[in-house]
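For the numbers below, each heavy atom of this structure counts, side chains included, while hydrogens, waters and symmetry mates do not. Here the structure is a predicted model, which means the values were calculated and not measured. Letters go in sequence order (proteins before strands), and every chain restarts at 1.
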Amino acid sequence: MESVLLALLLVGIAPSAFAAPYLFVFVAGSAKLSRDLPDNQIALTSLLELLSDFHGAGGFHFVIEGTVPSSCAPASDCDGLLVSRVNSLIDSVDHLGEDARLSRDLSWRRVPEANLPADTLRISVSADAPKPLSPDCPYVLEISDPRLPSSDSHQDWLNVNGIVDIHVTPAAQIRVHTADAAGNLSVKQGVASAERELVASAPRAEWRAGDLLGAAGIAEIRFGNPELTSASVPRKRDVAESSGTWPTGADRETARRLAECDVRLLLRPSR
Amino acid sequence: MVGAAGGAVARIAADGELPAPHPAQLDRELSDLLECGLYQAGQQAKAAVRTLHRAGGGLLGRPPTSLSVVNPGDVVGLGHENSSSAELGLALALLAYQSQTGIPAVIATGALDLAAGNREVRVLPVHHLAGKLRLLAEHFSQPGSAKPPQQLLLPTHDVDAALVPDRYSAEIARLGELQIQVRCVSTLQEAARVIGAERIALRRSEQRARLAAMLVVLLLAMGGGILAWMQSSIALSFASAASPDGRILPTPIRIVKGADGARLLPACALASGVPGFQVHDQIGVRLNVRSFDHDPARFLGGYHFIAVSLADGRAPHATLPREWSADGQAQYIWDVVGPPGDTTLVFLARRAEGFNADKLLADLIHSLSPSKPSERDSAALKFLRDAAPGMLVFRFKTMELGSCP
């Protein structure tokens, strides 16, 4: 009994970086992915959610990894079998997904046989060079979510940019810092019609998503420059909405420094 | 009619409302019969009706049916030996309610024999039949008595093996004067048919014939449905393909062969917006039918594909896919050949039956013969649209080698 209890406790406190498997199983020698297998169904559903949630996002992308087993007879077209399996997985994504473009967010690569169970394809994450959240937002946001596949470079933290809505599980960690790793930032969370200050002034901030997500499963987060109040100069979005134009010259520089970025964390239940 | 000697007329009602559970856990459908000593007869009747259901192939549902004695004061102190003559009447009450016959009431006397097992339920003679018939005539002859039911069901023979119509002709004649028609029945099935409970009374052979007729109708309906479904539109789309360099690219795609193997590249982007392919390139196409999991097409011959190319100054050409799967994927690779010009590729898909390329082309060419050259393209598309429920069109420009921007 003790060993069981201990195992359960260990599961409970496992690090958030423990990655989801995203493994697709093929019948030996078959090029076709069987969508009838429960494990494949779960992995496909999870992959579709990932592709949908991070469509248009920069900072990382999803990669199909496959291998040609050494047992494959030399006379067989083993490379062709691998490509056919990748195509079959893509077809399944297209078949089940609502947007055919989702599968094009994927790439694929061949990996050594030792890295992958036989007759499987696996999804991994490949990290790109970190970028600020958007051209107008000089802050870098990174997440570490057990929902994400493991990174090929074994990175726990993945940069996310180019999107405003970020889907996370409650166990996800989020951190923000300035793009040039210099200066401080302030962070607020929108709560009802008010704002709650999470960080007054610090070079970096980090939270667990579960601590921010409310009962509705949404957390609105705003990053800004702590030296200037958002009340003294209008935010970019306010300016754009009121005049339709963005200030030029010195005003633009001021505005850039003042830039406040809004992101929204949306709850994805843990599987 | 039950009881010894003079006996009594027990009026039995059947309805769908069960009484409260009996403290002795008796069958709720029959527990109201207990006080009058008819519970055992009710069990026999219920078993007989169940036998009839089984003989009918079990296709008919049996709603819960409660039996009760309407005149318990007239029926008291019956022993089993005196109550068995009520079995036929009780069984008919059950059947009449479960079949919802139009006959509101029927009179019967007769015991039931379940010894024949599942095959049939025989109606057995009862004692004191003459007395019962006289009692019945007196009962309905009384001043102010209710109008009697029109049917009286009796066993065909009495306990002495004499035919009832012959031996009891006088009693039967008197009942006839009261508008009561006597029907002698040898089985419960026959009795059920008399009271219009035919759905249950059907013999097995009749049940089978009716079932066969239903199956034929069902098959015809299914056949019509399948035919309509076979002709229903197929959502055909271009699928993506895994490039050797790791990218996932939408097709149709250029396949460029080099010393280091083949490369997959997007089509040449032309100012006109029409994709371009160079002579000596190959065009790779992957097609996908957007179907649902467990699509019956997979089990009914699957999906079939053909591509027809329509190019300026050249006869139409039909190509079957290089690879295809019954559940709706197909793959084509063509060599791009000159001369430069516009080409239209028309992909067709249909279910169950493969394409005959020669016949399709012959029919197409025949249909185009009266068309003017300027109308041939649209006429060909119209013909092909009618030729299959799935169609996808791809237009491209063939270009000279080295002219891809």
### Query
Non-hydrogen atoms of chain A under 4.5 Å away: do they reach the side chain of B:Pro250, the backbone, both or neither?
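Both backbone and side chain of B:Pro250 come within 4.5 Å of chain A.
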### Message
Between B:Ser243 and chain A, with a heavy-atom cut-off of 4.5 Å, which part of the residue counts as in contact: side chain, backbone, both or neither?
### Response
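Only the backbone of B:Ser243 comes within 4.5 Å of chain A.
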### Message
Given heavy-atom pairs under 4.5 angstrom as the criterion, report whether the side chain, backbone, both or neither of A:Ile90 touches chain B.
### Response
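Just its side chain gets close to chain B.
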### Query
For A:Arg104, is it the side chain, the backbone, both, or neither that has a heavy atom closer than 4.5 Å to a heavy atom of chain B?
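It is both, since atoms from each part get that close.
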### Message
Quick one about A:Asp152 and A:Ser124 (side-chain donor to acceptor, distance below 3.5 Å, no hydrogens or angles considered), yes or no?
### Response
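Absent: no donor and acceptor within the cut-off.
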### Side-chain heavy-atom pair B:Gln278, B:Cys404 within 4.5 angstrom cut-off
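The answer is yes; the side chains approach within 4.5 Å.
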### Task
For the pair A:Asn159 (side chain) and A:Leu141 (backbone), establish whether a donor and an acceptor sit closer than 3.5 Å, ignoring hydrogens and angles.
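Indeed, once roles are kept as given, a pair shorter than 3.5 Å links the two residues.
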### Query
Only one of B:Asp363, B:Leu368, B:Val346 forms a side-chain contact (heavy atoms from CB on, under 4.5 Å) with B:Phe383, so which one is it?
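Only one of B:Asp363, B:Leu368, B:Val346 forms a side-chain contact (heavy atoms from CB on, under 4.5 Å) with B:Phe383, namely B:Asp363.
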### Query
Given the options A:Leu89, A:Leu106, A:Ile64, A:Asp91, which has more heavy-atom pairs under 4.5 Å with chain B than any of the others?
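Among A:Leu89, A:Leu106, A:Ile64, A:Asp91, the one with the most close pairs to chain B is A:Asp91.
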#### Entry: Distance, nearest 0.5 Å, that separates CZ of A:Phe26 from CG of A:Leu82
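Output value for this atom pair is 9.0 Å.
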### Message
So which residue, B:Arg286, B:Arg247, B:Glu323, ends up with the most heavy-atom pairs under 4.5 Å with chain A?
### Response
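Most heavy-atom pairs within the cutoff with chain A belong to B:Arg286.
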